[in-house]
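This report concerns only the one structure given below.
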Amino acid sequence: MEPPSRLARIPAFLWWAVPVGVGLATRLIVCFVADLPWDSVDTRIYGWMARAILEGEPRSFAPNGYPLFLAGLLSVVPSTAIVPVVQSLNVLWGAATVGLTYAIARALDRQPVAALAAMIVAVYPHPINYTRFLLTEVPTTFLLMLALYGVLRAHQTSSWRWSAGAGIVLGLALMLRTALAPVAAGIGILALWMGSVRTLVLPYGVGLVLILGAHSLAVSTGHLASSSNLHVNLLIAIADDPDEVIASAPRFTDAERASAVPAYLRHARETPAAFAGERLRTVWDLWSPWPQDRGAADRPLWQNALLGLRFPLLVVGLAGLALHRRKPIAWLLACPALATTALFAFFFALPRFTFIAEPGLAILCALALAAVVRRHPSRSASA
């Protein structure tokens, strides 16, 4: 680290502008310079649901948020332009996530530490890569970080408006990914620790319920269809091979595919040791230094190595949490990682499931590294 006198001469705006600029440039390159695909199975499902919404015949499968977003775009943008438009929005959301990472970290530590956290998010391969896809990860992570910033500001200012805004924003994120439900609950619990019920907890809950209530009303009136992919995901969690969940495979009956909870609970009750082993294996697969998912064998070694960066990100991030364990803000940053891990332990692991947790872990990593440097100033100065 440079001496404070030299750091002080750096213009204040550069501490955040450089990481945001780097994040913007890397995402632009992936979307509009590199010749990389943008399509996926989930993208086709979202497009199918979006067209059904526009036709007035909503279809049930994935959560409604992203199809509704695509339907809104398709109503004003030609279908031939939808991919570059969404990718452009992904670039902006990704760069804004870098900026929010800096803003949250800056509230906790000095400018160099905040810039380090933001730069980790700016150059981390996982969010850069997913910018090109028409998927929920990028907008959901942006909304989550915006909500975390709102909770932090509500804690700092005792303003109910920040807290209510955080609840509204997180409600929108939940419409994109229902897997955020335990994160939303965890933030509410932490809000009790951070501030008063009147200025923090209650407005947060009201904002959240406002959005979820509006969504429920749209479902009950037939304008949207409720998601139904829970049953498929539960069967994949207990299947030896995901192909067993396909209708032509004999292991599961049509009744089990329509309502998978009894089959899931029966598997846990009849084979408890195997069930526990599957759940532990899922947690390992979620964060392991070498991907174990089904697509790992088809990816080049360098791609699997880059995905494996999630492991040191988690380990160093948890070290940062341990160092700041008495601060509720540190637990707020760790909440997406902890809640996501707890949830998907009961399902299955894919590399993109850790996506929403990575900016919070990046801040905790920067805090941990800063603590190491401060404990050994002479060693860092001589390096």
Side-chain angles (χ1 to χ4, degrees), residues 16 19-20 23 65 69 89 92-109 113-114 117-118 121 127 136-215 317 321 324 327-340 355-364 366-367:
W16 63 264
V20 170
F69 160 70
L89 290 172
L92 294 176
W93 286 327
T97 300
V98 175
L100 286 166
T101 302
Y102 176 88
I104 294 171
R106 182 67 184 93
L108 302 174
D109 212 312
V113 179
V121 177
T136 62
E137 276 70 22
V138 173
T140 301
T141 304
F142 164 70
L143 290 173
L144 175 60
M145 291 299 288
L146 187 59
L148 292 179
Y149 180 71
V151 173
L152 174 63
R153 292 292 295 152
H155 174 62
Q156 292 174 329
T157 63
S158 298
S159 170
W160 65 267
R161 292 177 178 83
W162 279 106
S163 185
I168 291 171
V169 168
L170 199 56
L172 294 173
L174 269 167
M175 286 184 61
L176 293 172
R177 287 184 69 87
T178 53
L180 274 178
V183 179
I187 292 173
I189 293 170
L190 289 169
L192 286 171
W193 182 10
M194 294 171 63
S196 71
V197 173
R198 185 175 62 85
T199 60
L200 192 56
V201 181
L202 185 60
Y204 168 79
V206 169
L208 194 62
V209 170
L210 183 68
I211 296 300
L212 298 184
H215 175 262
L321 174 63
H324 298 275
K327 297 179 180 178
I329 302 298
W331 288 97
L332 190 71
L333 295 171
C335 181
L338 299 176
T340 297
F355 193 102
I356 62 168
E358 289 160 1
L361 288 175
I363 297 173
L364 292 171
L367 294 174

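- The shortest distance between side-chain heavy atoms of Phe142 and Leu89 does not fall below 4.5 Å.
- Across all non-hydrogen atoms, the minimal contact from Pro127 to Val121 is CG-O, 4.0 Å.
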side-chain contact (heavy atoms from CB on, under 4.5 Å) between Ile329 and Met194, worked out: CA-CA 8 Å; Ile329 302 298; Met194 294 171 63; 3.3 Å; yes
I'd like to know whether Leu208 forms a side-chain contact (heavy atoms from CB on, under 4.5 Å) with Ile168, so could you lay out the CA-CA distance, the side-chain angles of the two residues, the decisive distance to 0.1 Å, and finally the verdict. CA-CA 5 Å; Leu208 194 62; Ile168 291 171; over 6 Å; no
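- Across Cys335 and Leu190, no two heavy atoms sit closer than the pair CB-CD1, 4.1 Å.
- From Leu321, atom CG reaches atom CG of Leu364 across 6.0 Å, with rounding to the nearest 0.5 Å.
- Note that the CZ atom of Phe355 and the CG atom of Leu144 stand 11.0 Å from one another [nearest 0.5 Å].
- Shortest non-hydrogen contact noted between Leu180 and Leu174 is C-CD2, 3.5 Å.
- Across all their heavy atoms, Leu332 and Leu148 have their closest contact at CG-CD2, 3.7 Å.
- Of all the heavy atoms in Ala166 and Ala147, the pair that sits closest is CB-O, 3.4 Å.
- Residue pairs satisfying the side-chain hydrogen bond (donor to acceptor under 3.5 Å, both in side chains) criterion with at least one member in residues 162-180, sequence neighbours excluded, are listed as follows: Thr136-Arg177, Glu137-Arg177.
- Applying the side-chain hydrogen bond (donor to acceptor under 3.5 Å, both in side chains) definition to pairs two or more places apart or across chains, those involving residues 92-109 are Asp109-Arg374.
- Atoms OG1 and CD, from Thr141 and Glu358 in turn, are 7.5 Å apart once rounded to the nearest 0.5 Å.
- Between Met145 and Ile363 there is a side-chain heavy-atom pair separated by less than 4.5 Å.
- For the residue pair Leu200 and His155, the shortest heavy atom distance occurs at CD1-N, 4.3 Å.
- Looking at Trp331 and Trp193, their side chains come closer than 4.5 Å, going by heavy atoms from C-beta outward.
- In this structure, CD1 in Ile211 is found 4.5 Å from CG in Leu172, a value given to the nearest 0.5 Å.
- In this structure, Leu361 CG and Leu338 CG are separated by 8.0 Å, a value rounded to the nearest 0.5 Å.
- Going from atom CD of Gln156 over to atom OH of Tyr149 covers 7.5 Å, rounded to the nearest 0.5 Å.
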